[in-house]
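Each remark here refers to the structure printed beneath this line.
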Amino acid sequence: MTEHLQALVRRHMVDARLDIPLEPGHITVLFGPSGSGKTTILRCIAGLERTEGGRIECAGELWDDGRRHFTRPRERRVGLLFQDHALFPHMSVAANVAYGLPRQSRAARVERSLHAVHAGQLIERRRVAELSGGEAQRVALARALAPRPRILLLDEPLSALDTPTRRELRADLRQILRAEGIPSIVVTHDRAEALALGDTGVVLIDGQVRQTGAIAEVFDRPRDADVARVVGIETALPGRVVSCEGGIARVAMGPHEITAVTEEDLRAGDDVYVCVRSEDVSLETAPSAGNSSPRNHIPAVVTDVTEEGPLVRVDLHAGVRLTSTITRPSAAELGIVPGLHVVAVVKSTAVHLIPHQPLDEASQGAATPSRTRRSASPSAGGTA
Amino acid sequence: MLDWPSIALSLQLASVTTVVLLVAGIPLAAWLAFTHARWAAGVEAVVALPLVLPPTVLGYYLLVALGNQSPLGRWWTETTGSPLAFSFTGLLIASILYSLPFAVQPMMASFATVDRRQLEASTVLGRRWLTTILRIVLPAARAGVATAAVLTFAHTIGEFGVVLMVGGNIPGVTRTVSIDIYDDVQAFDYAAAGRTSLALLAFSVIVLVCVYSLQRRSGFGPGRRWAL
């Protein structure tokens, strides 16, 4: 039976109940806008703050009952990764990673941890100040992982990095966490980060949990308007890369194959989320005569029509679920009603791909050839 | 000639006071810098008292507390066979209390500038409070600790009122340099007072210049960014 971390976090405006499975390598994403209480929850779980009348239990062990009982952070065996690494500036890379380790077998475990985060070449570095942002964050991750924590907490782990470094580490991070087999909670306000990293998504708004579920489901099917506003208005449909060349990817999505422009380092066979804003999906009732510039023409059936002020939201079934937002006059002109056969038209530039390694494949050892290629890149930290 | 026994006594007193205050002051300063306890303000006020009290007031209370009329003084006399007041040990206790703010306040200020997340990282990584202080806080706050040591040492060398009240003026036992100067002036021996004063002045300037240049070279003083 899977053990759980059960937390009722009450502090200031936060009043959130969480139930996080402690499965090896399972990643839960706490997603919400700034000020929604994500970091407070993480700090209460780490024991850096006490709840006010809440309760935190990890695998049946009481950590915080909101009153008298409080397990100190150093007795909780959690790992914590800060936004800007918080490495100890006066220590070498190796000393930083060794900090939480017992004296015996320290050297071997330091080396193992640095290798696990694909930063083995940094072990000789004396000065932490000379590391690039990405390198420093990898070392901080190695430091947090080295003592084999029961749960790893990551507070906006990529937000302090520049875009290329962030993309590179994001691609690596999920694989590292899975390979290490430690359950993790990632706090983020970045949609792409949440989709790329998470298995389970928890949406927080104003200190309250508003939706919990599989990550794609949370982003693709927000439960209410508030959640929809927070998670954004793009779809998040699972797809698999068929080919990727010169920044143009072909992706199989349900029965269809679509074209997308991407900056991600993708290979055939990679799993991705296909994200399209409903505004970018236009509708035609008959296939357009002659050539048109949009690359993606997807036959679909209208399943639902919802009027939203001057706009109309049209839900479509095309083997996968799609949504289109068009103006009311357009809807009237096209005679959009449920059951109508249409063609959804999407420009390649409007399709946004987010790589996401699925659960089962990753847990089976993680080191598929296409992955090791990426992880073996020597410039682990990207640009300095 | 300079009064070497007085100088030696002052140096000895200042050294022991500095060592004791660093050892005791680091945990106290760390606690004050990081605690959320409400009564910390009270403790901070007590630590700062010697800054505002006239030395004679502090000296008076210490004399009463250390004298043979008090339980502490009586216990000390019974245990060691000699009284606490007008002894080197008594003088040391007075110096420690009198220089407490000079040790605690600079350390407190520099501890407070240490990145909190580093302390949090240390505790989450399973380290005790004392380990965190020694391995994370002290290296980051070296400059504050050095400043505390220099100020404590210099302040003890220069103290006069409390020493006179608690220690009196026993050559070789409680007669420090500052009292020596006072004595010379009382005896109209301005030449001797001038020599000792000049020596003390030169010593203070040299010590301060040494420490500040050391701090600059290690990248902690002004004129250089923190070499972290």
Side-chain angles (χ1 to χ4, degrees), chain A residues 39 42-50 63 70-92 95-103 113 126-131 136 139-156 160, chain B residues 22 26-27 29-31 33-40 107 109-149 214-221 223-228:
Chain A
T39 298
L42 213 60
R43 291 176 61 83
C44 284
I45 294 173
L48 296 172
E49 280 170 39
R50 286 166 178 254
W63 277 356
F70 182 75
T71 305
R72 279 175 291 200
R74 67 178 160 87
E75 287 155 2
R76 295 190 183 194
R77 283 187 50 226
V78 298
L80 181 57
L81 184 66
F82 293 88
Q83 197 177 108
D84 55 348
H85 62 73
L87 290 175
F88 306 130
H90 57 287
M91 292 184 193
S92 67
N96 263 283
V97 180
Y99 190 82
L101 294 173
R103 235 168 260 287
S113 283
R126 302 300 306 164
R127 297 177 60 83
V128 164
E130 287 159 9
L131 299 176
V139 173
L141 181 61
R143 181 178 72 177
L145 287 170
R148 306 289 309 163
R150 284 198 279 194
I151 185 162
L152 183 67
L153 312 170
L154 302 94
D155 189 3
E156 306 263 3
Chain B
L22 284 189
I26 285 168
W31 182 77
F34 302 126
T35 187
H36 295 292
R38 291 222 177 87
W39 48 287
M107 289 200 284
S110 67
F111 290 178
T113 64
V114 176
D115 187 350
R116 282 232 159 198
R117 277 154 317 164
Q118 286 179 19
L119 310 186
E120 291 173 352
S122 175
T123 35
V124 170
L125 284 164
R127 293 303 176 193
R128 286 168 187 281
W129 191 74
L130 192 62
T131 313
T132 305
I133 300 295
L134 293 177
R135 293 193 57 193
I136 308 302
V137 178
L138 283 191
R142 283 176 297 213
V145 177
T147 308
L214 204 68
Q215 283 190 23
R216 276 176 184 267
R217 223 177 20 207
S218 66
F220 275 94
R224 180 91 68 95
R225 283 171 54 85
W226 280 58
L228 294 181

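Order of the sequence lines fixes the chain letters, A, B, ..., with proteins taken first and strands second; residue numbering starts at 1 for each chain. The figures here come from the full heavy-atom set of this structure, side chains too, leaving out hydrogens, waters and symmetry mates.
For B:Arg128, the parts lying near chain A are the backbone and the side chain together; criterion is any non-hydrogen pair under 4.5 Å. Proximity to chain B is absent for every atom of A:Leu81, based on heavy atoms less than 4.5 angstrom apart.
What you find for A:Gly100 and B:Arg127 is that their closest heavy atoms are C-NH2, 4.1 Å. The two residues B:Val124 and A:Val78 make their nearest non-hydrogen contact at CG1-O, 3.2 Å. Among all heavy-atom pairs drawn from B:Arg117 and A:Ala86, the shortest one is CB-CB, 3.9 Å. Residues B:Ala121 and A:Arg143 approach most closely at CB-NH2, 3.5 Å, considering heavy atoms. B:Gly126 and A:Arg74 make their closest contact through CA-CB, 3.4 Å (heavy atoms, listed as atom of the first residue, atom of the second, distance).
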Trace of the side-chain contact (heavy atoms from CB on, under 4.5 Å) decision for A:Arg43 with B:Glu120: CA-CA 10 Å; A:Arg43 291 176 61 83; B:Glu120 291 173 352; 2.7 Å; yes
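Taking 4.5 Å as the limit, some side-chain heavy atom of B:Thr123 sits within range of a side-chain heavy atom of A:Leu48. Residues B:Gln118 and A:Leu87 fail the side-chain proximity criterion, which asks for heavy atoms closer than 4.5 Å. The shortest side-chain heavy-atom distance between A:Phe88 and B:Ser122 falls under the 4.5 Å cut-off.
Taking CG of B:Leu125 as the reference point, atom CZ of A:Arg77 lies at 12.5 Å (rounded to 0.5 Å). The distance from the CZ atom of A:Phe82 to the CZ atom of B:Arg116 is 12.0 Å, given to the nearest 0.5 Å.
Annotation: cation-pi pair B:Arg135/A:Tyr99 absent, no NZ/CZ under 6.0 Å from the ring centroid and within 45° of its normal.
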